[in-house]
Amino acid sequence: MAEGKKTISNKYNPLAAQPLYGFTPRKVTGAQVRKALQHDLNPFTKPLTPHTAQYKRLLASREKLPVYRKMDDFFTVFSENQIILIVGETGSGKTTQIPQFVAYSDLAHSNGKMIACTQPRRVAAMSVAKRVAEEMDVQLGRQVGYSIRFEDMTESGITFLKYMTDGMLLREAMNDPDLQRYSTIILDEAHERTLATDILMGLLKALAKRRADLKIIIMSATVDAVKFQKYFSLRSDTKAPLFKVPGRTHPVEIFYTQDPEPDYVEAAIRTVLMIHRAEDPGDILLFLTGEEEIEDACRKIKLEADDLINQDPSSVGPIVCIPLYSSLPPMQQQRIFDPAPAARGPDYPPGRKVVVSTNIAETSLTIDGVVYVVDPGFSEQKVYNPRIRVESLLVSPISKASAQQRAGRAGRTRPGKCFRLYTEKDFMSQLEEQTYPEILRSNLSNTVLELVKLGIKDLVRFDYVDAPAFETLMRALELLNFLKALDDDGNLTPLGSMMAEFPLDPQLAELLIVSPEFKCSNEILTITAMLSVPNIWVRPANQRSQADAAKALFTVPDGDHLTLLNVYNQYMQNKFDKNWTWSNYVSGRALAQAENVRAQLQRNMERFELELMSISDEKKLYQSIRQALVCGFFMQVAHREGEEGSYLTVKDNQVVALHPSCGLDTQPEWVLFNEFVLTTRPYIRTVSEVRPEWLLEFAPSYFDLSTFQDGETKRALQKVMNKKMGKSVTAADKRPITKAKKKSKAKKQAEQEDHGRAMHSSAHSSDVPSAYNLQNMTTTFSQISI
DNA sequence: GAGCACTGC
């Protein structure tokens, strides 16, 4: 019957045959859109092309998504409000469908605007864009595209739906604070609270008041949407509407232990084996905190499981145990998708796959076929101590939201079970609702520079969803002021403006920008790239001495920065040799990344007409490089004093030691370092020797001696200063060394205690490791909820 | 004589 009607109207009004006939932007209804979706012609192509068979097939499966059934409600809420919040659990289809719904409402394809949908991860932006392009029956990179670092898969004037990383949208905002290109901006996965998403929420809230035509959608998986709802209420009497979409996953039974577990690794291994013996077929996912713990657990599980088979081959099936963490080579990461091992014969029990993973399996990677999840309740999390400006990793209890996410991993293909290795009481009373947002756990010097560049004058009173500690902001402002990125009134300097354009920490940006003055910008470019990628050194547990020997061949004794330069240059010279990285114990993946980053930074330098230069004399070149390093890293200098092998950081007065990976052949009096890491003790990592005269010459305001506390560092600098001015050292400056030693020891203790207090404490207090003994231990689980 | 949760520009 519709056919007949269409034919009639066609005759009199050819426009009525168009799929979007009668659509008024932002006054579109669900009924209109459903009709357009069923239409034979694709409205987003020019000229209109017929839909393919694949489109129709995909549409049929889209129609089954929970979010599809909420289409009418969505268009009502979207039409009536500027900002809306969408809460949808996994499987709701919100990430793929909501942006498409918006496309039908905004009609951005016909008005030159775009719809943006942000993702915290690059792979997600890419894969979702690919899927949506298929669903919309267009070529990826044309009407539907994505934009991530190193890859812009969009076409100017054609792309109207763009998936992108949150960091990418933030970058765009720096050059276009009103984000004029967009008609609607969707922030997806907002519950993850990445630094970029948090800043974008603050910017968009302010932008909504300036741009009445801009619509904003915040999408989140969990109930903290209520917090966002409050935050995004533009007037105090009205809340931003909350739009809920049910998920589509299988039920997961949750079990808790009856008593707290003193040793979570041991308990986890025991639980995996218990599942293997007693539960139906299905793969197991175990969450642990780090590489070493994971490799260790894999060995033990395999050993115990093999024991079980040897004792009685008919009782359990074979087991395969696969470690998973980010620094694993991609080939080995692929192993998680291997099928479980087969049964030993027709009458034997089936095999089982066990994946032992870090948090990477919580959000970034999905393993289908997992039926059992073992969750000890911990993960390694970043914490920041602004007082000593140190970020470090600490094993901490996860949040309830995180525990829920982990449990959900058991219900992807069929009903599953989740074993939590903590009591229900601890879950209810000890775990935080949400993971602490990143903005509260990070050094913000980069973010503060971005905000200032974005025109935010008053950083303390900026409308954050969660405001960072005052001291964290002060520390960032102080650093930027010393780097001359901000003047004394907190205004952005031309240098600061340029620094903000580089995708680097401010120290590295400064270093790169000044490098032409030292005639070594080619080399600094390489070093900067090498310092912005993950660790390049590969050191397998069973080949440590070979790896160390290989590393020694690259080592430049003047400093680790020069060693990095050396590795990169040799890597480039040996690119024809496929085995080179492998046989030299360096990470090919990290080096390839460095190459990529270097090219991007080089383009930035060319844009600012920063000259690329080198010095041919190696000795002079190496000295120039170390001098240039001072310009970026003068706040990260340490002086050798106190006990044997110990250094004191300048002004922050932290007792530190050279990291064992450091390649310096002596212990120079003055060193500059890239990182302060707090592991078994405080270390400085990636270290180069510097001369005190350089400190006084290239960073005079930071090394203004009147700002120093009395002590060995100040006296040593004073000596250099006096020499420079042609004066001799006075007797009053000399003090016995023993006294300084004592002071430094007491100080060290006090500061370590202080640092401990700054970290958050563990909810599982009884964290005393006990001997690993499978036979004598049993776990009792109580079933709580379905 | 050590480690590297994860992501992003």
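In what follows, chains carry the letters A, B, and so on, assigned in the order in which the sequence lines appear, proteins first and then strands, with residues in each chain numbered from 1. In what follows, every heavy atom counts, from backbone to side chain, and hydrogens, waters and symmetry copies are set aside.
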A.B. asks: Starting at atom CG of A:Leu187, determine the distance to atom C1' of B:dT7, rounded to an integer number of angstrom.
C.D. replies: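 Atom CG in A:Leu187 sits about 16 Å away from atom C1' in B:dT7.
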
A.B. asks: Under 4.0 Å between any heavy atoms, over every strand shown, what does A:Thr165 touch: base, sugar-phosphate, or nothing? Just pick one.
C.D. replies: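 Result for A:Thr165 = sugar-phosphate.
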
A.B. asks: Distance check: side-chain N/O of A:Arg193 vs OP1/OP2 of B:dC6, anything under 4.0 Å?
C.D. replies: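 Indeed not, no polar side-chain atom of A:Arg193 lies that close.
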
A.B. asks: On DNA chain B, does the nearest nucleotide to A:Leu393 precede the nearest nucleotide to A:Arg171 from the 5' side, or the other way round? Give the residue.
C.D. replies: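 Comparing both residues, the 5'-ward one is A:Leu393.
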
A.B. asks: Listing request: all salt bridge (charged side-chain N to carboxylate O under 4.0 Å, His left out) pairs with a residue in residues 596-610 of chain A, at least two apart in sequence or in separate chains.
C.D. replies: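 Every salt bridge (charged side-chain N to carboxylate O under 4.0 Å, His left out) pair that includes a residue of residues 596-610 of chain A, provided the two are not neighbours, is A:Glu501-A:Arg607.
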
A.B. asks: CG of A:Leu512 versus P of B:dC9: gap in Å, rounded?
C.D. replies: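 In whole Å, B:dC9 P and A:Leu512 CG are 18 Å from each other.
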
A.B. asks: With respect to the side chain of A:Ser326, which nucleotide from B:dA5, B:dC6, B:dA2 is positioned closest?
C.D. replies: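 Among the listed nucleotides, the one closest to the side chain of A:Ser326 is B:dC6.
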
A.B. asks: Any chance the side chains of A:Gln543 and A:Tyr585 put a donor and an acceptor closer than 3.5 Å?
C.D. replies: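 The criterion, which ignores hydrogens and geometry beyond distance, is satisfied for A:Tyr585 and A:Gln543.
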
A.B. asks: Between A:Glu450 and A:Thr289, which is nearer to the 5' end of DNA chain B once each is assigned its nearest nucleotide?
C.D. replies: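 Its nucleotide being nearer the 5' end, the pick is A:Thr289.
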
A.B. asks: Check step by step if salt bridge (Lys or Arg N to Asp or Glu O under 4.0 Å) holds for A:Glu295 and A:Lys300.
C.D. replies: CA-CA 9 Å; A:Glu295 294 287 357; A:Lys300 284 175 177 164; over 6 Å; no

A.B. asks: Figure out the CD1/C1' separation between A:Ile536 and B:dC4, and round it to whole Å.
C.D. replies: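 Checked: the CD1 to C1' distance equals 14 Å.
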
A.B. asks: Ignoring the backbone of A:Tyr325, work out which of B:dC6, B:dA2, B:dC9 is nearest its side chain.
C.D. replies: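 The closest nucleotide is B:dC6.
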
A.B. asks: Contact class for A:Leu170 vs. all strands (heavy atom < 4.0 Å): base, sugar-phosphate, or nothing?
C.D. replies: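 If one applies the 4.0 Å heavy-atom cut-off, A:Leu170 turns out to touch nothing in the nucleic acid.
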
A.B. asks: Please determine, for the side chain of A:Arg539, which listed nucleotide (B:dC9, B:dA5, B:dG1) has the closest atom?
C.D. replies: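 For the A:Arg539 side chain, the nearest candidate turns out to be B:dG1.
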
A.B. asks: Taking the six-membered ring for Trp, are A:Phe673 and A:Phe633 ring centroids under 6.0 Å apart?
C.D. replies: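 Distance test on ring centres: not under 6.0 Å, no.
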
A.B. asks: Taking only side-chain nitrogens and oxygens of A:Tyr683, does any of them come within less than 4.0 Å of OP1 or OP2 of B:dA2?
C.D. replies: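 Looking at the OP1 and OP2 atoms of B:dA2, one of them is under 4.0 Å from a side-chain N or O of A:Tyr683.
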
A.B. asks: Rounded to the Å, how far apart are A:Met164 CE and B:dT7 P?
C.D. replies: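 Going from CE in A:Met164 over to P in B:dT7 covers 20 Å.
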
A.B. asks: Respond yes when some side-chain nitrogen or oxygen of A:Ser661 is under 4.0 Å from OP1 or OP2 of B:dG1, and no when none is.
C.D. replies: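 No, A:Ser661 has no side-chain N/O under 4.0 Å of OP1/OP2 on B:dG1.
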
A.B. asks: Report which part of the nucleic acid A:Thr680 touches: base, sugar-phosphate, or nothing (heavy-atom distance under 4.0 Å, all strands).
C.D. replies: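 Result for A:Thr680 = sugar-phosphate.
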
A.B. asks: So which nucleotide from B:dC4, B:dC6, B:dC9 ends up closest to the side chain of A:Arg685?
C.D. replies: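 Looking only at heavy atoms from C-beta outward on A:Arg685, the closest nucleotide is B:dC4.
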
A.B. asks: Separation of A:Leu394 atom CG from B:dC6 atom C1', in whole Å?
C.D. replies: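 Rounded to the whole Å, the gap is 15 Å.
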
A.B. asks: Rounded to whole angstrom units, what separation is found between the CG atom of A:Leu444 and the P atom of B:dC9?
C.D. replies: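 Rounded to whole Å, this separation is 19 Å.
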
A.B. asks: Nearest to the side chain of A:Asp548 - B:dT7, B:dA2, B:dA5?
C.D. replies: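 From the listed options, B:dA2 comes nearest.
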
A.B. asks: Nearest whole angstrom, please: distance from the C1' of B:dC6 to the CD of A:Glu438.
C.D. replies: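 Result: 9 Å.
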
A.B. asks: Would you say CD of A:Gln546 has more than 12 non-hydrogen atoms from neighbouring residues, nucleotides or ligands within 6.0 angstrom?
C.D. replies: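 Yes, enclosed.
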
A.B. asks: Taking any heavy-atom pair under 4.0 Å as a contact, classify A:Asn535: base, sugar-phosphate, or nothing.
C.D. replies: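 Base, at least one base heavy atom under 4.0 Å.
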
A.B. asks: I'd like to check the side-chain hydrogen bond (donor to acceptor under 3.5 Å, both in side chains) partners of A:Arg640; sequence neighbours left out, ordered by chain and number.
C.D. replies: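 A:Arg640: no side-chain hydrogen bond (donor to acceptor under 3.5 Å, both in side chains) contacts found.
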
A.B. asks: Using a cut-off of less than 4.0 Å, is there contact between a side-chain N or O of A:Arg122 and OP1 or OP2 of B:dC9?
C.D. replies: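 True: A:Arg122 side-chain N/O within range (under 4.0 Å) of B:dC9 OP1/OP2.
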
A.B. asks: Taking CD1 from A:Ile439 and C1' from B:dG8, how many angstroms apart are they, rounded to a whole number?
C.D. replies: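 That distance rounds to 14 Å.
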
